[in-house]
Each structure stands twice: as structure tokens, then as C-alpha cells.
There are 2 protein chains.
Amino acid sequence: MDQTVICPRFEKAMSILSQRWTGLVIYQLLPGPKRFCTLESSMGISGRVLSDRLKELENQGIVKRDVYPETPVRIEYSLTDKGLALEPLMKELETWSQNWVKVEDNE
Amino acid sequence: MDQTVICPRFEKAMSILSQRWTGLVIYQLLPGPKRFCTLESSMGISGRVLSDRLKELENQGIVKRDVYPETPVRIEYSLTDKGLALEPLMKELETWSQNWVKVEDNE
DNA sequence: ATTAGTCAGTTACTTTATGTAAGTAATTAT
DNA sequence: ATAATTACTTACATAAAGTAACTGACTAAT
């Protein structure tokens, strides 16, 4: 008996963003393409999970993976239009965090 | 060697929203106060996790818990100003999901 | 030419988070 | 007296994430 029925598109969108790390990965890619090892070291994510997340985001059409067959091979991850369309949301989160989030206190 | 240093407030904000269910709980409370059992049945969350999430959101000052000592006791959860300030972000997610998210396909 | 190092991952194993189902205490309805 | 509701908690099982070592292709240093 759910009085509030949630739009399935919204629910899916939320489920993508509420997986650990996905939001931060997208945020990191906003300024431009990045490599696996760069993402891995700039956020505290493990390679195992980063690998999973990038695959999922690629499946969702949010991230694209480009292989440059140089030597050594260079693989760059970047946002698609769908991914870039999340920029306003990220800006909102930045604003909210600046206005409301305190870091020191509560664990 | 992190070239992109992330603002700790932003990182904390993201860690709140990227916990499973927190976003949906906030979204459900946007229109007004709701009770435990209403939240529990309207989203597919288990009581165990809902209980955890509400406590965390209360600690973060995003949700407040009001006890009405009627008989039977009524307990209502609602958003604080900090929680209500997430409305624009939720609207952005609604917009994005309507423009970009397809539900049928990919698992 | 052997050793060490980087990149983009994968694999095996451990810890943490979440789900499931049942239980509790107070109350009310039949 | 029995069943049902609300707001949870507890015990146990499964799924997700973290840790660390490893692979394979290459490069640079000794």
C-alpha cells in the first residue's frame, strides 16, 4: 500500500548515484578525461571497485572508455553527454555542502 | 599524488547521498512528515536499514524525529532546513532522469 | 640480460553492509 | 483471549566493498 509511488526513472537514477563511489567518479571526470590510475589514486577507491564502477557507468552510457594504442597503451575515461548532463546536479551538491556541511564534528 | 584534491565538505556530502537509501528517504520526506511504517512500505527498504538511516540522518541534522504521545504513540520523521535545502538537487535529479534514463533495457 | 617500475586491470580472501525473518513491548480491535 | 498495528531490535545469511598480491605488456636502469 504505497501512497507515494516513485517514478521508476527517478528511482533508477537514484540507485546509480547512491552506489558508493559512482558520484565521485563522475565528479572527477567533469573537468575532462582521466586515466584509471589517476582516478584510483586521487580518490581513495580500490582498483577492484573502480574497475566495477567504470564498467557499470559505461553500461549506463554515462562514461566512455577510449583506448589510445600508444606505447604504453593509454586508456582514458570521460563523460558522455548523459554524464555531462549531471553537472548541474553536482553544482547543487557543491552549493549545499558549502552551505550546510560541517566536517570537523560528528563521526 | 592527487592532482585533483576534493573539498572535504563536498566529499562528505557525497558520502551521505551515496549511501544506499538515504537519497530516497530524503526524497520521500520532501512533501512532508512521514511515519516509519509508511516509509518502510512505500520504498522497498528493510526496517533494519531504515532504522539505521533515520538515525544517521538525524545525527547529520537532515531529518528530525517528533514523538506525539497519543495513544498509540505516533512518531513522525521530517526534514530540517538542512534537509529541505536538498530540494533543488532532487529536482535536478528528476530532470536528469526524465531526460536521460531509460528503464526497460540494461539490467 | 636481469631487475625494478608503470599501467590497467584481475583474482583470492577478509571485512563490512545490507537483507530476511522473527521477536519485543505497548496498545487496540474483535 | 487472539490477532493486529506501530516502531523498532536481534540473530543470522548473503551481497558488496576493501586488501593485497598477481598478471601481462611494456620501459628504463644497472
Side-chain angles (χ1 to χ4, degrees), chain A residues 1-4 6 11-12 14-29 32-60 63-78 106-107, chain B residues 1-4 6 11-12 14-26 28-29 32-60 63-79 106-107:
Chain A
M1 218 164 275
D2 21 29
Q3 41 271 85
T4 313
I6 306 166
E11 210 167 347
K12 188 174 172 185
M14 188 63 93
S15 79
I16 293 168
L17 286 185
S18 66
Q19 262 200 94
R20 196 163 188 184
W21 299 114
T22 37
L24 272 186
V25 170
I26 293 165
Y27 185 73
Q28 293 279 29
L29 294 179
K34 287 207 166 54
R35 308 176 68 164
F36 191 93
C37 65
T38 307
L39 289 167
E40 194 177 11
S41 58
S42 69
M43 27 201 299
I45 193 175
S46 70
R48 198 196 138 294
V49 177
L50 179 56
S51 179
D52 278 9
R53 287 302 176 274
L54 289 170
K55 276 175 202 155
E56 284 172 32
L57 288 169
E58 217 191 323
N59 286 340
Q60 298 295 337
V63 162
K64 74 173 188 297
R65 181 180 188 269
D66 291 306
V67 181
Y68 299 92
E70 303 167 352
T71 176
V73 67
R74 180 167 51 102
I75 293 170
E76 287 193 340
Y77 294 92
S78 56
N106 39 18
E107 30 74 84
Chain B
M1 217 164 275
D2 22 27
Q3 43 271 85
T4 313
I6 306 167
E11 210 166 348
K12 187 174 172 186
M14 188 63 93
S15 80
I16 294 168
L17 286 184
S18 66
Q19 262 200 94
R20 195 164 190 185
W21 299 113
T22 37
L24 272 187
V25 170
I26 294 166
Q28 294 280 30
L29 294 178
K34 286 207 168 52
R35 307 176 69 164
F36 191 92
C37 65
T38 308
L39 289 167
E40 195 177 11
S41 57
S42 68
M43 21 199 307
I45 193 174
S46 69
R48 199 196 138 295
V49 177
L50 179 56
S51 179
D52 278 9
R53 287 301 177 274
L54 289 170
K55 276 176 202 154
E56 285 172 31
L57 288 169
E58 217 190 325
N59 287 339
Q60 298 295 336
V63 162
K64 74 172 188 298
R65 181 180 189 269
D66 291 306
V67 181
Y68 299 92
E70 303 167 355
T71 176
V73 67
R74 180 166 50 103
I75 294 170
E76 286 194 339
Y77 295 93
S78 56
L79 295 177
N106 41 16
E107 31 74 85

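The sequence lines fix the lettering, A, B, ..., with proteins before strands; numbering per chain opens at 1. For clarity, every value in this text was computed on a predicted model and none was experimentally measured.
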Engineer: Under 4.0 Å: is that the gap between some side-chain N or O of A:Arg65 and OP1 or OP2 of C:dG9?
Structural biologist: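 So the side chain of A:Arg65 is within the cut-off, an N or O lying under 4.0 Å from OP1 or OP2 of C:dG9.
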Engineer: Looking only at non-hydrogen atoms, find the nearest pair between A:Val73 and A:Arg35 and report the distance.
Structural biologist: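 The answer is O-NH2, 3.7 Å.
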Engineer: Roughly, in whole Å, what's the span from CG in A:Asp52 to P in C:dT11?
Structural biologist: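 To the nearest whole Å, that distance equals 11 Å.
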Engineer: Check whether any side-chain N or O of B:Arg20 sits under 4.0 Å from OP1 or OP2 of C:dG19, and answer yes or no.
Structural biologist: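 Affirmative; the distance criterion is met.
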Engineer: Think B:Arg53 has a side-chain N or O under 4.0 angstrom from the OP1 or OP2 of C:dT18?
Structural biologist: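 Result: yes.
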Engineer: Can you check the A:Glu40 CD to D:dA20 C1' distance for me, whole Å?
Structural biologist: 12 Å
Engineer: Could you tell me the separation between the CD atom of B:Gln19 and the C1' atom of C:dA17, rounded to a whole number of Å?
Structural biologist: 9 Å
Engineer: Let's go through B:Thr38 and B:Gln28 carefully: what are the C-alpha distance in whole Å and the side-chain angles of both, what is the deciding distance for side chain to side chain contact (heavy atoms under 4.5 Å, CB included) to 0.1 Å, and is it a yes or a no?
Structural biologist: CA-CA 10 Å; B:Thr38 308; B:Gln28 294 280 30; over 6 Å; no
Engineer: Using atom CG of B:Leu24 as one end and atom C1' of C:dT18 as the other, report the distance to the nearest whole Å.
Structural biologist: 15 Å
Engineer: Using a 4.0 Å heavy-atom cut-off, does A:Arg35 contact any base of the nucleic acid, only the sugar-phosphate backbone, or nothing at all?
Structural biologist: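 If one applies the 4.0 Å heavy-atom cut-off, A:Arg35 turns out to touch the sugar-phosphate alone, with no base involved.
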Engineer: Does OP1 or OP2 of D:dA16 have a side-chain N or O of A:Trp21 closer than 4.0 Å?
Structural biologist: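 For D:dA16, neither OP1 nor OP2 has a side-chain N or O of A:Trp21 closer than 4.0 Å.
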Engineer: What is the distance from CD of A:Glu70 to C1' of D:dT27, rounded to the nearest Å?
Structural biologist: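 Between C1' of D:dT27 and CD of A:Glu70: 14 Å.
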Engineer: Whether A:Lys55 contacts C:dT10 is assessed here as follows: a side-chain N or O lying under 4.0 Å from the phosphate OP1 or OP2. Is that the case?
Structural biologist: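 So the side-chain polar atoms of A:Lys55 do come within 4.0 Å of the phosphate oxygens OP1 or OP2 of C:dT10, strictly under.
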Engineer: Report the distance from atom CD of B:Glu56 to atom P of D:dC8, rounded to the nearest whole Å.
Structural biologist: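 To the nearest whole Å, that distance equals 15 Å.
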Engineer: Can you tell me which nucleotide in C:dT18, D:dA7, C:dG9 comes closest to the side chain of B:Val49?
Structural biologist: C:dT18
Engineer: Assign each of A:Gly47 and A:Val73 to its nearest nucleotide of DNA chain C by heavy atoms, then name whichever residue's nucleotide is nearer the 5' end.
Structural biologist: A:Val73
Engineer: Let me see the working for B:Asp66 and B:Ile75 under side chain to side chain contact (heavy atoms under 4.5 Å, CB included), right down to the final yes or no.
Structural biologist: CA-CA 6 Å; B:Asp66 291 306; B:Ile75 294 170; over 6 Å; no
Engineer: Round to a whole Å and report the spacing from CZ of A:Arg74 to P of C:dC7.
Structural biologist: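 Taking atom P of C:dC7 as the reference, CZ of A:Arg74 is at 13 Å.
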Engineer: Looking at side-chain heavy atoms only, is the closest gap between B:Ile45 and B:Leu39 below 4.5 Å?
Structural biologist: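 Side chain of B:Ile45 against side chain of B:Leu39, heavy atoms only: no contact under 4.5 Å found.
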Engineer: Is A:Lys55 paired with A:Glu58 through a side-chain N to carboxylate O contact shorter than 4.0 Å?
Structural biologist: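 Result for this pair is no, no salt bridge flagged.
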Engineer: Looking at A:Tyr77, does any N or O in its side chain come under 4.0 Å of the phosphate oxygens OP1/OP2 on C:dG9?
Structural biologist: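 For C:dG9, OP1/OP2 do have a side-chain N/O of A:Tyr77 under 4.0 Å.
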Engineer: Within the structure, does a side-chain N or O atom of A:Ser51 lie under 4.0 Å from either OP1 or OP2 of C:dT10?
Structural biologist: yes
Engineer: Which nucleotide sits closest to the side chain of A:Arg48: C:dG19, C:dG9, C:dT11?
Structural biologist: C:dT11
Engineer: Which whole-number value in Å describes the distance from A:Phe36 CZ to C:dT6 P?
Structural biologist: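 Atom CZ in A:Phe36 sits about 16 Å away from atom P in C:dT6.
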